[in-house]
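Just so we're on the same page: letters track the sequence lines, and every chain starts at 1.
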Amino acid sequence: MRQIRIGAGAGYSGDRIEPAIELAEKGDLQYLVFECLAERTIALAQQAKLRDPASGYDPLLPERLRAVLPLCHAKGVRIITNMGAANPIAAAERTRTVAQELGLSNLKVAAVTGDDVLHHLSGGTYRVEETGATAAELGNRIVSANAYIGARPIAEALANGADIVITGRAADPSLFVGPLVHEFGWGLDDWHRLGQATLIGHLLECAGQVTGGYFADPDYKDVPDLARLGFPIGEVSEDGSVVVTKVPGSGGRVIAATCKEQILYEIHDPARYLTPDVTADFSNVTVEEIGPDRVRIQGASGSPRPETLKVSVGAVEGFVGEGQISYAGPGARARGELALDIVRERLTLTGVRASELRFDLIGVNSLHGDRLSGNGGHHEPYEVRVRVAGRTDSLEEAVRIGNEVETLYTNGPAGGGGVTKSAREVVGILSAYIPREIVRPAVHYVEA
Amino acid sequence: MKLRQIAHSRAGDKGNTSSISVIAYNERDYPRLLRHVTPERVKAHFGNVVAGDVIRYEIPSLGALNLVLRQALGGGVTRSLVLDTHGKSLSSALLDLEIPDEPQTHEAPAQGDA
């Protein structure tokens, strides 16, 4: 049975680069996929593009491509990535210049556009899930609206001979479904196969998370050599089953348990995982260890794709200010609590209007609150870090929150040190759904 | 005993919703997960961390549950004031759940040795 080998070279924008080089070098791949776009990243990229129309793609794109392009070019490994973010065309142009700098020629770069639906959203009556109001009611607070597009334009670009396919807001698994559809000729209405392809994409899309990254829990779940974690390879068979593996000798491990965690990661209802391509069904999936670092996964299926596409809407919604300071030694917790009380009172005295405030003691209750932390007031840490964060309408007020923490240096409890502070504008991500017919993906080509 | 003795877990986020898998190290322990990791118990365990509903999905072929916790992330990763904006650490909090001792079918760690 025919097989293809797909590697995952990145699971998020800031991911390590060496594992992708290792895959390009030793993975015996036909495809290398870089998933680099999160909900938040695209809104930030849209803001960057507003400031400079030539930007808006992943800032690490040149560095990643420089690292792998010579190897991929020499071995005929095709690259698929959503590093186009808010500007796939500019990303394709930049890719061309990287290829030229490297002295590479005969490269066809495809840019997939059409995910930017801002004009539909700001004028339309589509409802925002989180607020129930129409997107138009957000007015000029909307900075971006990107629909999740699917595998079809990616498969089309590959059919037209693209060596590198760069998308914007494509659904993460679709980056892998595209090449499978292209290679095996699976129909875009073959829901069963698309469900399987989506499972394969979902297993691989977070890169190291299936090879032992984000898994280790000493004495319970041990993982060797995490500093040299290898990224995954999917050996995909024409029947839609997959063996997940990695480059021999690389760090990490691929076992049933790492695959199970990834299968269930962020999917909600396992029988109805919605993507632009299919309603995937992972509820009968089985995993089987068939060798060292080799796990076979099968049993996914699917039903018709959703008639609407999810849109990530970026909306400016005010500012967040934060300050932190540390206390240690005997009585650290009491001094930390006193510091929090002081800042609480200061924010009132100085008239900082915050719509929401948090007062945390890192090391005591900052992650899960008092009840889950189980202290009951008895736990005495050696050191504690005070954290105050608040949501404001203006940058000026956000800055004052950090400043009130900073002035604890000479005005607060004894022995405080190591202040950090920050203030930032918040671009919140909201969701809306629009009819898929109005989203028109298009593929543009650049020759290098 | 703690849930951690028989299961592992990973949390993910979408908007203001956290989804947390609970996976039996040994699939023979799956019925124990079904009995003891109920939506009601999970909701009670998290207390005011989870403002919305807890929905439980069952995946017997993996010996696993998937729990979906609504309004659990302080508004979501882009806007939350919470230190762990993704709620990634909630998986560890869930494994701290106390479950009744029963005759042992298996003890962690055993993954990967099958």
Side-chain angles (χ1 to χ4, degrees), chain A residues 38-40 43 129-130 209 214-215 217 219-222 253-271 282-289 299 314 317-318 320 322 356-358 360 362 366-369 371-374 387 389-391 426-431, chain B residues 4-5 7-25 27 45-49 55 57-68 74-96 108-114:
Chain A
E39 277 185 351
R40 188 174 58 100
E129 283 280 289
E130 290 80 357
Q209 277 197 180
Y214 210 61
F215 182 81
D217 189 356
D219 294 338
Y220 283 78
K221 299 188 293 180
D222 290 311
R253 63 195 303 210
V254 183
I255 53 173
T258 62
C259 294
K260 287 179 182 181
E261 284 197 13
Q262 184 57 28
I263 290 166
L264 297 176
Y265 182 60
E266 292 183 338
I267 63 164
H268 295 192
D269 182 351
F282 299 168
S283 61
N284 292 302
V285 167
T286 58
V287 304
E288 178 192 4
E289 293 177 1
E317 61 155 64
V320 165
E322 183 184 326
E356 188 184 344
L357 280 167
R358 269 190 78 93
D360 296 322
I362 297 173
S366 67
L367 290 177
H368 302 147
R371 206 184 62 88
L372 271 173
S373 300
R387 173 178 182 264
R391 201 187 299 287
V426 177
V427 178
I429 298 295
L430 304 165
S431 308
Chain B
R4 186 185 189 206
Q5 296 296 119
H8 57 110
S9 176
R10 178 184 292 170
D13 68 290
K14 270 206 170 84
N16 199 12
T17 299
S18 175
S19 64
I20 311 181
S21 59
V22 181
I23 304 164
Y25 280 112
E27 291 185 11
H45 179 68
F46 280 112
N48 58 9
V49 171
I55 303 157
Y57 297 103
E58 299 163 13
I59 311 96
S61 65
L62 298 179
L65 305 174
N66 203 32
L67 295 151
V68 176
V77 58
T78 52
R79 46 188 313 279
S80 176
L81 294 185
V82 179
L83 195 57
D84 173 14
T85 51
H86 292 89
K88 298 278 192 184
S89 64
L90 293 173
S91 59
S92 304
L94 183 57
L95 292 180
D96 201 36
Q111 86 290 359
D113 303 330

field: Toward chain A, the part of B:L65 with a non-hydrogen atom under 4.5 Å
entry: backbone

From CZ (B:R10) to CD1 (A:I263), nearest 0.5 Å: 10.5 Å

message: Looking only at heavy atoms and a cut-off of under 4.5 Å, which of A:R358, A:E266, A:E322 has the most pairs with chain B?
response: A:E266

message: Please identify, among B:L83, B:V82, B:V49, B:I59, the residue contributing the most non-hydrogen atom pairs under 4.5 Å to chain A.
response: B:L83

- prompt: Per the side-chain contact (heavy atoms from CB on, under 4.5 Å) rule, which among A:L357, A:V320, A:D360 passes with B:L81?
  reply: A:V320

- request: Please state whether the side chain, the backbone, both or neither of A:Y214 comes within less than 4.5 Å of a heavy atom of chain B.
  value: both

message: Report which part of A:Q262 has an atom under 4.5 Å of a heavy atom belonging to chain B: side chain, backbone, both, or neither.
response: both

message: Counting only non-hydrogen atoms closer than 4.5 Å, does A:R387 touch chain B with its backbone (N, CA, C, O), its side chain (CB onward), both, or neither?
response: side chain

- request: Give the member of A:L367, A:T258, A:L430 that has the highest number of heavy-atom pairs under 4.5 Å with chain B.
  value: A:L367

- request: For residues A:S283 and B:S61, report the shortest heavy-atom separation together with the two atoms involved.
  value: O-OG, 3.5 Å

query: So what's closer than 4.5 Å to chain A heavy atoms on B:I23: side chain, backbone, both or neither?
result: side chain

query: Is there side-chain contact between A:K221 and B:Y25, with heavy atoms separated by less than 4.5 Å?
result: yes

message: Looking at B:R4 and A:Y220, would you say the former's side chain and the latter's main chain have a donor-acceptor pair under 3.5 Å?
response: no

task: Could you grab the distance from atom OH of A:Y265 to atom CD1 of B:I20, nearest 0.5 Å is fine?
output: 12.0 Å

task: Kindly write out the residues that satisfy side chain to side chain contact (heavy atoms under 4.5 Å, CB included) with B:Y57, not counting sequence neighbours, or none if the list is empty.
output: A:D269, A:P270, B:I55, B:N66, B:V68

statement: Of B:G15, B:G63, B:S19, the largest count of non-hydrogen pairs under 4.5 angstrom with chain A goes to B:S19

- prompt: Quick one: what part of B:N16 sits under 4.5 Å from any heavy atom of chain A, side chain, backbone, both or neither?
  reply: neither

message: Under 4.5 Å from any heavy atom of chain B, what part of A:E317 do you find: side chain, backbone, both or neither?
response: side chain

Structural part of B:S18 lying under 4.5 Å from a heavy atom of chain A: neither

task: Go through the atoms of B:S80 and report whether side chain, backbone, both or neither lie under 4.5 Å from a heavy atom of chain A.
output: backbone

query: With chain B, which of A:I362, A:V287, A:D217 has the greatest number of heavy-atom pairs at distances under 4.5 Å?
result: A:D217

- prompt: OG/B:S9 to CG/A:L264 distance, rounded to the nearest 0.5 angstrom?
  reply: 10.0 Å

field: Any residue meeting salt bridge (Lys or Arg N to Asp or Glu O under 4.0 Å) with A:E288, in chain and number order, not counting sequence neighbours
entry: none

